[in-house]
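The structure presented is a predicted model; accordingly, all values stated were derived computationally and were not measured.
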Amino acid sequence: MPELPEVETTRRGVRPQVIGRTIDSVVVRERRLRWPLARDFAARLVGATVREVDRRAKYLLFRLDRPPTPAGTLPVPAHAGTLIIHLGMSGSLRVLPAATPPTPHDHVDLVFEHGLVLRLRDPRRFGCMLFTRNDPNLHELLRDLGPEPLSSDFHGLHLAAAARGRTAPVKAFLMDATVVAGVGNIYANESLWRAGIDPRRAAGRIAAARYDALARAVKETLAEAIEKGGTTLRDFLSADGEPGHFRLELSTYDRPGAPCPRCRTPIRAARVGQRSAFFCPRCQR
DNA sequence: AGTGCGGCCTGTCCGC
DNA sequence: TGCGGACAGGCCGCAC
């Protein structure tokens, strides 16, 4: 389900509701996520306060502090650690009144002191929740990630350099998180359409100038999607329960046979790198 | 090292 | 209407 814009939309919805709040208790109804929840998962979180909610690629990072050390006791590190959450294919986070009864697939609740609960729902359980005391960027799941697509570290030259010698289709290359972090299937298709590049073309056989256009297209596409609250295809809802409206802006994704918005040629569907691809056979070369 | 594939899960949709 | 199969927004881990 969620790609970078949906995760960012979730972050923006959740952040103001949990920042500065203390976790009173943790309810685990299902530990079997992508990686089973650690035995001490709840114990690590209870009593901690949310200092910040960040995002790296499609990971949400809840920075946690311990409450201040009472005077006269041994100093406790102020930094408690980071809760890393990935929403996988079907995950969502909602902030709700703590008394809201859980529905099926509501696996984990963080219950806050002000009567609200942060609830993870994830029918397919491809998502995960991990606690780490260390710098999450050094965690094995995050450490090999490429640059953030919306940062200045991401540009055409980076893509061109990374693509040298690569024979995989450019769409698979663009979805490789070690190349650039957080570009999933929807936005890879849309960005390639904007840049006029055939998704099947070998990544190593694309000129540097075209990678400039592609990097720009990725940034524009993601930024516009975030502005519209992400893409709701079937079931994505933001933290406050609202669907995203970028679906209306999609040019190719999930629209086989529809006219290309640029040249009216029917959009074609194909499998590229084991994923569904949608493109205009006329203006993507 | 880079590439391609299987697998993890449940829900939904489509064709018979 | 029921049932099997394909497919779905992600991504790890393996074999080549």
Check your understanding: On a plain distance test, is the side chain of A:R125 in donor-acceptor contact with the base of B:dC9 below 3.5 Å?
Key -> no
Review point. Looking at C:dG9, C:dA8, B:dG4, which one has an atom nearest to any side-chain atom of A:P169?
Key: B:dG4
Exercise for review: Determine, for A:E113 against A:R21, whether the closest basic-nitrogen to carboxylate-oxygen distance falls under 4.0 angstrom.
Suggested key: yes
Review point. Counting side-chain heavy atoms from C-beta on, which of B:dG11, C:dG10, C:dC12 comes nearest to A:H105?
Key: B:dG11
Exercise for review: Give A:R271 one of three labels, base, sugar-phosphate or nothing, depending on what nucleic acid heavy atoms sit under 4.0 Å from its own.
Suggested key: sugar-phosphate
Review point. What is the distance from CG of A:D144 to P of C:dG10, rounded to the nearest Å?
Key: 19 Å
Review point. Heavy atoms under 4.0 Å, any strand shown: does A:F246 hit a base, just sugar-phosphate, or nothing?
Key: nothing
**Study point:** Value in whole Å for how far the C1' atom of C:dG9 lies from CG of A:L237
**Key:** 14 Å
Point to revise | Greater than 12 external heavy atoms within 6.0 Å of A:R282's CZ | key: no
**Study point:** Base of C:dA8 paired with side chain of A:R234 (donor-acceptor, under 3.5 Å)
**Key:** no
Exercise for review: Using the aromatic ring of A:F126 (for Trp, its six-membered ring), decide whether it stacks on the base of B:dC9 within the limits of 5.5 Å and 30°.
Suggested key: no
**Study point:** Presence of A:Q274 side-chain N/O under 4.0 Å of B:dG4 phosphate oxygens OP1/OP2
**Key:** no
Review point. In whole Å, what separates the P atom of C:dC14 from that of B:dC9?
Key: 16 Å
Practice item. Please determine, by modelled atom types, if A:T132 and A:T82 share a side-chain donor-acceptor pair under 3.5 angstrom. Key: no
Exercise for review: Determine which bases of DNA chain C form Watson-Crick or G-U wobble pairs with both distances under 3.5 Å, and write the result as a 5' to 3' dot-bracket string with | for other-strand partners.
Suggested key: .|||||||.|||||||
Practice item. Name the closest nucleotide to the A:F236 side chain, picking from C:dG9, B:dT10, B:dG2. Key: C:dG9
Exercise for review: Take the angle between the ring planes of A:Y253 and A:F278 and call it parallel below 30°, perpendicular above 60°, tilted in between.
Suggested key: perpendicular
Check your understanding: Would you say a side-chain N or O of A:H86 is under 4.0 Å from OP1 or OP2 of C:dC11?
Key -> yes
Exercise for review: Name the closest nucleotide to the A:W35 side chain, picking from C:dC12, C:dG9, B:dG2.
Suggested key: C:dC12
Exercise for review: Flag the pair A:D106 and A:R29 as a salt bridge only when some basic side-chain nitrogen lies within less than 4.0 angstrom of an acidic carboxylate oxygen.
Suggested key: no
Exercise for review: Tell me whether the OP1 or OP2 atom of C:dG9 has a side-chain N or O from A:Y187 closer than 4.0 Å.
Suggested key: no
Practice item. Figure out the OH/P separation between A:Y59 and C:dG10, and round it to whole Å. Key: 12 Å
Exercise for review: State yes or no: do A:V111 and A:L83 share one hydrophobic cluster built from I, L, V, M, F, W and Y residues joined by side-chain heavy-atom distances below 4.5 Å, directly or via other members?
Suggested key: no
Review point. Charged N to carboxylate O below 4.0 Å: is that the case for A:E224 and A:K228?
Key: no
Revision key, fill the gap. Side-chain contact check for A:A168: nearest option of B:dC9, B:dT3, C:dG9 is B:dT3
Review point. Rounded to the nearest Å, what distance is computed from the NZ atom of residue A:K58 to the P atom of nucleotide C:dC12?
Key: 10 Å
**Study point:** Short side-chain N/O contact to B:dG2 OP1/OP2 from A:T167, under 4.0 Å
**Key:** no
